[in-house]
Amino acid sequence: MTPARVAFVGAGPGDPGLLTVRARDYLAAADVVVLDDPETAERLAGLFRADVQIVETGAFGGGQRRSPAARAKLLVRTTRALKQHDSLVVRVLAGDPAAFTTLTPEALACRDAGILFEVVPGVSTAWSVPTYAGVPLTSGGKGGAVHIIDAADAQTDWATSIAAEVTVVLLGTPDTLRRALGGLRRAGRDPQTPVSLTEHGTTVAQQTSVSVLEHTEALLQESTFGEGVVVVGQSVDLRHELSWFETKPLFGWNVLVPRTKDQAGAMTARIAMHGATSMVVPTISVEPPRTPQQMDRAIRGLVTGRYEWVGFTSVNAVRAVREKFTELGLDARAFAGLKVAAVGGVTADALRQWGIEPDLIPTTEQSAKGLLTDWPDYDDVLDPINRVLLPRADIATDTLVAGLIEMGWEVDDVTAYRTVRAAPPAAPVRDAIKGGAFDAVCFTSSSTVRNLVGIAGKPHPNTVVACIGPATARTAEEHGLRVDVVAPEPNAVVLVDALAERAAEMALAAQAAGEPVRPSQRRTTGRRGAARARA
């Protein structure tokens, strides 16, 4: 027996969110991942260990695709090369491994080579893609049959699939799908039977066309996509009412997020929920203070009871203090007896992850002004200590400090971290920003506006500009940008929701005018033309 083992894992139809829990666990534990193409590797890359070995089976010398037998040999050879006991090779197969894949020859090859293997079922492309297209394969308990067919199978008996109550699902390339539909039509299927064609299923690039059988062959004649899913049957008529994925407000949009990646997680997840893709372009870099002595003294004062309050005005401030605590061998227990303020919900969440529950979060505006509104005045009877620690950025404004001093507090305004402008993004990204490839940009602070314009230039006039609050919007306007969306509260997730609401309004207006729905698909000449188009 070979010491390594193989797990055949279903990668689902395209959306990484459709991976099973076990598939994710195995991908995270894999020593080697064997897959068919670089696109799959890119899609799943975030799930692998940093030291994982990637082996692609799709092609060898000259770009010629490997046969199923050659792929089986490669899998066996790769597994045998692992000498450590219980090493794990994960063989990634599209959709569900047991349907329309090379599972059988590869699993038999493992068995013959004495390699232990198991199969992790996945979400089938045949079932999931029609669901994402709003086409149920069965409906209303009316019965009927579902025939799932590989369009490339030349031996298919189409006569068994011509009855009106039979729903036919075809998987294949444009050429094989066209030939299969022709065979079904010639066998006697009603030429007026509704047909849906979905390419890039379950991804934000998904596109679905609806026609009838006698016209679909012509539609496929010029198609250039790789693999597609066709549904033939009366249930296609329900797409008009049940389409839920391609009708999301930001579906297909490409949204620019000028923010550091470790701060953009909630935003990018929300953007994806609304059907869009996003690109994070860091505009600032967070670095330690030039000299650490000031922070060292502040932390010692915090531990020895110098302060009554500690005010956190950003997630970066929480991270900087936490890192200093770790460096000095301290933990959250050092905050015992202190009152802690957080400028907003995101900063409060960062504190909670550290085990600290804030005593004060603004009930109105989540900003320095909001903190001052709710911060209590110093009372020399009730407050035993009159000093506040503010660990902040080197470029923080004086609004909060001045307000606290006016309320009777003494303030130690300490530089916990420095913010510097990030390096410019790659030239193709800069060209995409200025050329209108992004449908929208979400600004979460005035500094993100200034820095993005500084390192990459102004977004194209057609790009929808969304700002987290009035101050950020004013900065954007000062830089010559027209602001389309201002979030009703300064929260990154709320900002994305406000963008989605605006996108839904724009889609209705564009459809009524017969214009492209996505801003990046519209073409104007100059900023004045764009302004007229937006008015």
Side-chain angles (χ1 to χ4, degrees), residues 284 286-302 305-321 324 335 338-348 350-351 356 358-420 443-451 467-478 486-487 489-491:
I284 63 169
V286 177
E287 299 182 2
R290 295 186 187 280
T291 56
Q293 290 83 359
Q294 188 183 31
M295 266 290 282
D296 290 342
R297 287 194 299 269
I299 298 303
R300 284 197 297 270
L302 184 152
R306 175 178 172 83
Y307 302 106
E308 177 78 3
W309 281 90
V310 180
F312 290 96
T313 56
S314 70
V315 172
N316 285 328
V318 176
R319 183 179 297 112
V321 172
K324 180 60 71 171
F335 282 87
L338 281 165
K339 296 174 183 175
V340 178
V343 74
V346 177
T347 304
L351 286 166
I356 300 169
D359 300 280
L360 172 63
I361 304 173
T363 56
T364 54
E365 182 179 333
Q366 296 186 8
S367 63
K369 181 180 177 182
L371 263 181
L372 287 172
T373 300
D374 290 349
W375 202 298
D377 292 340
Y378 170 67
D379 189 315
D380 58 3
V381 175
L382 298 177
D383 296 313
I385 304 170
N386 71 339
R387 191 169 293 274
V388 176
L389 171 62
L390 293 181
R392 304 195 297 165
D394 58 330
I395 59 171
T397 63
D398 294 331
T399 303
L400 183 56
V401 174
L404 289 173
I405 292 174
E406 187 176 335
M407 295 163 65
W409 297 97
E410 293 186 19
V411 181
D412 285 354
D413 187 15
V414 176
T415 298
Y417 62 95
R418 293 183 300 122
T419 56
V420 298
F443 290 115
T444 54
S445 67
S446 293
S447 62
T448 59
V449 177
R450 290 190 292 268
N451 291 339
C467 296
I468 202 166
T472 304
R474 285 194 295 273
T475 303
E477 290 170 345
E478 289 169 0
V486 179
E489 60 181 87
N491 179 285

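Both backbone and side-chain heavy atoms feed into the values below; hydrogens, waters and symmetry mates do not.
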With sequence neighbours left out, the residues meeting side-chain hydrogen bond (donor to acceptor under 3.5 Å, both in side chains) with Asp359 are none
| request: With sequence neighbours excluded, tell me which residues meet side-chain hydrogen bond (donor to acceptor under 3.5 Å, both in side chains) with Thr347. | output: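 Once residues adjacent in sequence are excluded, Thr347 has no partner under the side-chain hydrogen bond (donor to acceptor under 3.5 Å, both in side chains) criterion.
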Nearest-0.5 Å distance, [atom1] of residue [X] to [atom2] of residue [Y]:
X	Y	atom1	atom2	result
Met407	Asp379	CE	CG	11.5 Å
Tyr378	Ile405	OH	CD1	14.5 Å
Thr313	Arg392	OG1	CZ	6.0 Å
Asp383	Asp380	CG	CG	8.5 Å
Leu338	Leu389	CG	CG	9.0 Å

Can you find a heavy atom in the side chain of [X] that is under 4.5 Å from one in the side chain of [Y]?
X	Y	value
Asp412	Arg306	yes
Ser445	Ile468	no
Thr472	Val449	yes
Leu390	Val411	yes

### Task
Start with the C-alpha gap between Tyr307 and Ile385, add the side-chain angles, then the distance that decides, and say whether side-chain contact (heavy atoms from CB on, under 4.5 Å) holds.
CA-CA 6 Å; Tyr307 302 106; Ile385 304 170; 5.7 Å; no
**Asked** Would you call Glu308-Lys339 a salt bridge at under 4.0 Å N-O?
**Response**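 The answer is yes: the pair qualifies as a salt bridge.
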If I compare all heavy atoms of [X] with all of [Y], which pair ends up nearest, and what's the gap?
X	Y	result
Ala368	Val343	N-CG2, 4.1 Å
Pro362	Gly344	CD-N, 4.3 Å
Tyr417	Val286	CD1-CG1, 3.7 Å
Thr475	Ser446	OG1-OG, 2.8 Å
Ala342	Leu351	CB-CD1, 3.9 Å
Phe312	Pro391	CE2-CG, 4.0 Å

**Parallel, tilted or perpendicular: rings of Trp409 and Trp375 (30°, 60°)** =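 The rings of Trp375 and Trp409 stand perpendicular, inter-plane angle above 60°.
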Requested in this report: Evaluate the criterion side-chain contact (heavy atoms from CB on, under 4.5 Å) for residue pair Phe335 and Val340; output intermediate values, then yes/no.
Outcome: CA-CA 8 Å; Phe335 282 87; Val340 178; 3.9 Å; yes
- [ ] Please report the C-alpha distance between Leu360 and Leu371 in whole Å, then the side-chain angles of each, then the deciding distance to 0.1 Å, and finally whether the side-chain contact (heavy atoms from CB on, under 4.5 Å) criterion is met.
- [x] CA-CA 8 Å; Leu360 172 63; Leu371 263 181; 4.2 Å; yes
Only pairs under 3.5 Å count here: list side-chain donor-acceptor contacts from residues 287-302, not counting sequence neighbours, and write none if there are none.
| unit_1 | atom_1 | unit_2 | atom_2 | d |
| --- | --- | --- | --- | --- |
| Glu287 | OE1 | Arg418 | NH2 | 2.9 |
| Gln294 | OE1 | Thr415 | N | 3.3 |
| Asp296 | OD1 | Lys324 | NZ | 2.9 |

Exercise for the section: Measure from the side-chain N and O atoms of Asn386 to the backbone N and O of Gly408, and report whether any donor-acceptor pair falls under 3.5 Å. Expected result: no
| message | Could you check whether any side-chain N or O of Asp394 sits under 3.5 Å from a backbone N or O of Thr419, counting only pairs where one atom can act as donor and the other as acceptor? | response | yes
**Study point:** Verdict with reasoning, Leu404 to Leu372, per side-chain contact (heavy atoms from CB on, under 4.5 Å)
**Key:** CA-CA 7 Å; Leu404 289 173; Leu372 287 172; 4.1 Å; yes
